[in-house]
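Proteins come first, then strands; the chains are lettered A, B, ... in the order of their sequence lines, and each starts at number 1. Not measured: the values here are computed from a predicted model.
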Amino acid sequence: MIPWMMVVGIRNRKHRVFRVWVPIFLLWLLLLPLVLVLLPLAFIALAVMRVNPFRAIRTGWQLLASLRGTHIEVQDENAFVLVHIY
Amino acid sequence: MNEDRRQILEMLSTGKITTDEAERLLAAMEKGPAASTAGEASDTGTKTPPKYLRVVVQDEQGKNGRGHTQVNVRVPMQLLRAGVKLAGLIPAPALAHANEAMHEQGIQLDLSQLKPENLEELVNQLSDLTVDVDDDHTKVRVFCE
């Protein structure tokens, strides 16, 4: 299953932490028409490069799906950045 | 008295085993076959594959000698697997370029010889990977969990 939610946390100079929940599923919905339009072009490009387009799409999908659970947290005395993908 | 117990006592009487060994053997026998099979299963049982690759960096002394820096990254192992599968999609001419560049850097590795199953095995072996770097103020840990 592809990621559907992401949390982005940022701390400003006043040491206030802002956490924003980003509904990625809305992004997928917005990108879907674009993907459908670009899909034939991608097929042609992959065929020209002699790459199996179905295998490429499957791998891309797996890559997208495996993003779930990714957690990146960096902080120092001045900054704090958090990204968590659900 | 069953046959196993008799054998143990005979071995003890003939001096083939010590009293301690006999005692341990009898105790193991009393636990029964169920316990021994359970023990074998736990010994030889398959390890649960790790789900994440963790990179943790802790720097106690930040800029200007104050504060601290912390980095905590958790990457799903599935992402690594998908990544290596993606490497399998690299077209042959691009692989040739990459090989050439690596040869120039003195790395004798032919990427075209890498098969997806090899890469899968490589990722699986990462489960035993642990890197610990300890400095006076900095600690870096890379491990799987």
Side-chain angles (χ1 to χ4, degrees), chain A residues 1-17 19 22 24 28 35 38-39 41-86, chain B residues 49-98 111-112 114-117 119-120 123-124 126 137-145:
Chain A
M1 192 179 165
I2 57 173
W4 59 279
M5 195 66 89
M6 183 168 79
V7 175
V8 179
I10 296 169
R11 188 179 66 199
N12 65 4
R13 288 184 181 180
K14 291 177 183 175
H15 292 275
R16 288 182 65 182
V17 177
R19 280 174 198 264
V22 183
I24 316 176
W28 303 142
V35 169
L38 292 178
L39 205 58
L41 294 174
F43 261 73
I44 294 165
L46 289 166
V48 168
M49 289 192 297
R50 293 181 181 178
V51 174
N52 184 344
F54 296 103
R55 196 175 150 208
I57 288 168
R58 196 180 63 209
T59 307
W61 181 265
Q62 284 175 347
L63 197 69
L64 204 62
S66 57
L67 279 173
R68 292 186 73 179
T70 303
H71 179 94
I72 299 165
E73 192 183 323
V74 181
Q75 69 174 55
D76 74 351
E77 57 194 295
N78 296 319
F80 169 78
V81 177
L82 162 80
V83 176
H84 188 97
I85 300 173
Y86 289 94
Chain B
K51 284 187 174 177
Y52 300 102
L53 177 73
R54 288 278 307 273
V55 180
V56 179
V57 181
Q58 285 182 319
D59 183 14
E60 299 298 332
Q61 196 172 6
K63 287 178 194 169
N64 308 321
R66 60 195 171 88
H68 65 282
T69 305
Q70 286 191 333
V71 177
N72 182 9
V73 177
R74 193 177 74 180
V75 181
M77 295 298 277
Q78 278 297 107
L79 188 63
L80 297 181
R81 288 195 176 89
V84 295
K85 280 181 190 168
L86 201 66
L89 294 172
I90 298 171
L95 277 179
H97 281 298
L111 289 174
S112 59
L114 280 178
K115 301 284 180 285
E117 53 268 22
L119 295 169
E120 182 74 18
V123 172
N124 287 338
L126 280 177
H137 303 291
T138 312
K139 285 181 184 176
V140 179
R141 287 193 72 206
V142 180
F143 59 97
C144 295
E145 62 179 14

Problem - Lys NZ or Arg CZ of B/Arg141 over B/Phe143 ring: under 6.0 Å, within 45° - result: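 B/Arg141 over B/Phe143 ring: yes.
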
Exercise for the section: For each of B/Val73, B/Val75, B/Leu80, tally heavy-atom pairs with chain A at distances under 4.5 Å, and name the one with the top tally. Expected result: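 Among the listed options, the one with the most contacts to chain A is B/Val73.
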
Practice task
Name all pairs fulfilling the side chain to side chain donor-acceptor pair (under 3.5 Å) condition that reach into residues 63-75 of chain A, sequence neighbours left out, sorted by first residue then second.
Solution key: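 Every pair satisfying side chain to side chain donor-acceptor pair (under 3.5 Å) with a residue in residues 63-75 of chain A: A/His71-A/Glu73, A/His71-A/His84.
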
Handout entry: Top contributor to chain B contacts, counting heavy-atom pairs under 4.5 Å, from A/Val74, A/Leu64, A/Val83
Key =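 Top option by heavy-atom pairs under 4.5 Å: A/Val74.
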
Handout entry: Part of A/Val51 lying under 4.5 Å from any heavy atom of chain B
Key =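 Side chain only.
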
Exercise for the section: Could you pull out all residues at least two apart from B/Arg74 that satisfy salt bridge (charged side-chain N to carboxylate O under 4.0 Å, His left out)? Expected result: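 Not a single residue meets the salt bridge (charged side-chain N to carboxylate O under 4.0 Å, His left out) criterion with B/Arg74.
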
Handout entry: A/Trp28 side-chain N/O to A/Pro3 backbone N/O, donor-acceptor pair under 3.5 Å
Key =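 Yes, the answer is positive, given that a donor and an acceptor are paired below the 3.5 Å cut-off.
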
